[in-house]
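A short write-up of the structure that comes next.
On a predicted model such as this, the values are computed, not experimentally measured, just so you know.
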Amino acid sequence: MEIRTVGVVGAGTIGRGVAQDFAQHGFRVILVDSAEEQLVKARENIRHLSRFKHMFRGGNESSDSSTLLDSIESGTDLALLAEADFVVENVTENWEVKRSVHEAIDQICLPHVIFAVNTSAIPITRVASASNRPARVLGLHFMNPVPLIRTVEVVRGHHTSDESLEVAMNVLDRLGKEGIVVGDFPGFVTNRVLMLTINEAAFCLQDQVASAQEVDRIFKGCFGHRMGPLETADLIGLDTILNSIKVLYESYRDSKFRPAPLLQRMVDAGLLGRKSGEGFYDYSTTHGTFAQ
């Protein structure tokens with residue numbers, strides 16, 4: 001099966017990165033989001049990032065960004081996905097929202113189209129239950145920033161076929177990425193471990209064991225991590241972190257996944273990290289102090 005047109009549902013941070021990455025590798029992209037303002041923001045973000053990338057390789061940056069955007073069609077109507085050969089869904093980490101999206105696109109897309117779910121914690125088998133093509137539903141967990149991270153967590157649901165996995169792995173190969181196939185348990189590998197780490201780091205901050213900077217310096221200095229857990233949380237978005245932890249708690253019914261009250265308070269206060277300008281760090285000026 002030759003994949004030429006890729007549908008991308010959701011134009012948030014990850015969705016726009018997915019759209020950019022596919023467009024940069026020669027795919028035609030259809031980017032759909034329920035909010036027009038998100039689509040405008042996504043196109044501006046892609047234009048900016050493509051220009052930034054061009055600074056390092058030379059050439060005509062304006063023509064490069066224009067060519068890239070020319071290969072990305074965008075709109076608010078899911079019916080646009082009728083032309084897609086492959087769909088990557090990136091909507092918010094909320095089961096009711098994901099279910100309604102998959103029920104809709106199952107009716108719109110051709111029967112052979114594979115649905116790749118980009119989720120932090122929701123089981124792929126559950127998502128497949130909202131579709132009449134469970135063998136063609138799998139997980140592709142892209143990391144942020146998508147164009148720069150070369151490894152993707154590939155999740156095989158209970159019904160996912162060998163053929164669907166093969167197609168997805170071939171798509172990743174065309175993106176210059178390595179796919180690692182894992183089993184379908186909530187959080188998979190990445191977020192089952194990462195969310196615990198971030199949540200416990202928030203507890204350390206809440207209990208005044210250490211400052212945000214000290215927590216992150218320990219992880220970078222002692223373990224060689226490029227980013228500390230609280231910096232990583234700000235990059236992902238604290239609302240996404242909180243939703244993922246709640247999914248893990250509801251799925252496993254294990255108290256180790258209880259969200260840190262500090263994390264809940266910060267989300268309630270709109271301190272979501274880089275995307276809001278303030279999280280564990282203040283991004284309005286420089287990478288500075290913890291925002292209380």
Are any of the side-chain heavy atoms of Arg99 and Arg126 separated by less than 4.5 Å? no
Testing the basics here: between Val29 and Ala23, what is the closest heavy-atom pair and its distance to 0.1 Å? CG2-N, 3.8 Å
What's the verdict on side chain to side chain donor-acceptor pair (under 3.5 Å) for Thr190 and Glu153, showing C-alpha distance, side-chain angles and the deciding distance? CA-CA 8 Å; Thr190 50; Glu153 188 175 38; 2.5 Å; yes
Show me the pairs that pass ring pair (Phe, Tyr, Trp, His ring centres under 6.0 Å) and involve residues 138-166, at least two apart or across chains. none
Is there a side-chain contact between Tyr283 and Asp234, using heavy atoms and a 4.5 Å cut-off? yes
Within the 4.5 Å heavy-atom criterion, are Val113 and Arg133 side-chain neighbours or not? yes
Contact between Asn243 and Asn94 at the side-chain level, heavy atoms closer than 4.5 Å - yes or no? no
Is there a path of hydrophobic side-chain contacts, each under 4.5 Å between heavy atoms of I/L/V/M/F/W/Y residues, joining Leu262 to Ile245? yes
To the nearest 0.5 Å, tell me how far Arg226 CZ sits from Thr232 OG1. 10.0 Å
Thr125 versus Asp184, side-chain donor and acceptor atoms under 3.5 Å: yes
So which residues get pulled into Ile218's cluster when ILVMFWY side chains under 4.5 Å apart are joined, directly or through others? none
Describe, in one word, how the ring planes of Tyr252 and Phe257 are oriented to each other, choosing from parallel (under 30°), tilted (30 to 60°) and perpendicular (over 60°). parallel
Nearest non-hydrogen partners of Pro229 and Val215, listed with the distance: CG-CG1, 4.0 Å
Report yes if the side chains of Tyr281 and Asp216 come closer than 4.5 Å at any heavy-atom pair, otherwise no. yes
Answer yes or no: are there more than 12 heavy-atom neighbours, outside Phe188 itself, under 6.0 Å from its atom CZ? yes
A quick test of your reading: do over 12 heavy atoms of other residues, nucleotides or ligands sit less than 6.0 Å from CD of Gln208? no
Sub-4.5 Å side-chain heavy-atom contact between Val154 and Leu140: yes
Establish whether Val167 and Val87 are linked, either directly or via other cluster members, by ILVMFWY side-chain heavy-atom contacts under 4.5 Å. no
Can you tell me if Arg174 has over 12 outside heavy atoms packed within less than 6.0 Å of its CZ? yes
Carboxylate-amine/guanidinium proximity below 4.0 Å for Glu44 and Arg47: yes
Where is the tightest heavy-atom contact between Ser74 and Arg43, given as atom of each residue plus distance? OG-NH1, 3.6 Å
When Thr119, Asn118, Asp33 are each screened for side chain to side chain donor-acceptor pair (under 3.5 Å) with Asn90, the one that passes is Asn118
Lys275 and Asp239: which non-hydrogen atoms are nearest, and at how many Å? NZ-OD1, 2.9 Å
For Val40, the hydrophobic cluster (side chain heavy atoms closer than 4.5 Å, chained through members) also holds none
Salt bridge (Lys or Arg N to Asp or Glu O under 4.0 Å) between Arg217 and Glu214, worked out: CA-CA 5 Å; Arg217 282 173 57 201; Glu214 289 163 343; 5.5 Å; no
List the residues meeting ring-ring contact (aromatic ring centres under 6.0 Å, His included) with Phe185, not counting sequence neighbours, and say none if there are none. none
Partners meeting ring-ring contact (aromatic ring centres under 6.0 Å, His included) with Phe219 (sequence neighbours left out): Phe223, His225
Determine all donor-acceptor pairs shorter than 3.5 Å in which one atom belongs to a side chain in residues 196-204; sequence neighbours excluded.
unit_1 : atom_1 : unit_2 : atom_2 : d
Thr197 : OG1    : Val193 : O      : 3.1
Asn199 : OD1    : Ala260 : N      : 2.9
Asn199 : ND2    : Arg258 : O      : 2.6

Counting C-beta onward and ignoring hydrogens, is there a side-chain heavy-atom pair between Ser120 and Val247 closer than 4.5 Å? no
Taking all non-hydrogen atoms of both residues, which atom of Glu89 and which atom of Val117 are closest, and how far apart? OE1-CG1, 3.3 Å
Answer whether the closest heavy-atom distance between the side chains of Gln264 and Lys246 falls below 4.5 Å. yes
Whether Asp162 and Arg156 form a salt bridge (side-chain N of Lys/Arg under 4.0 Å from carboxylate O of Asp/Glu) is what I want to check. yes
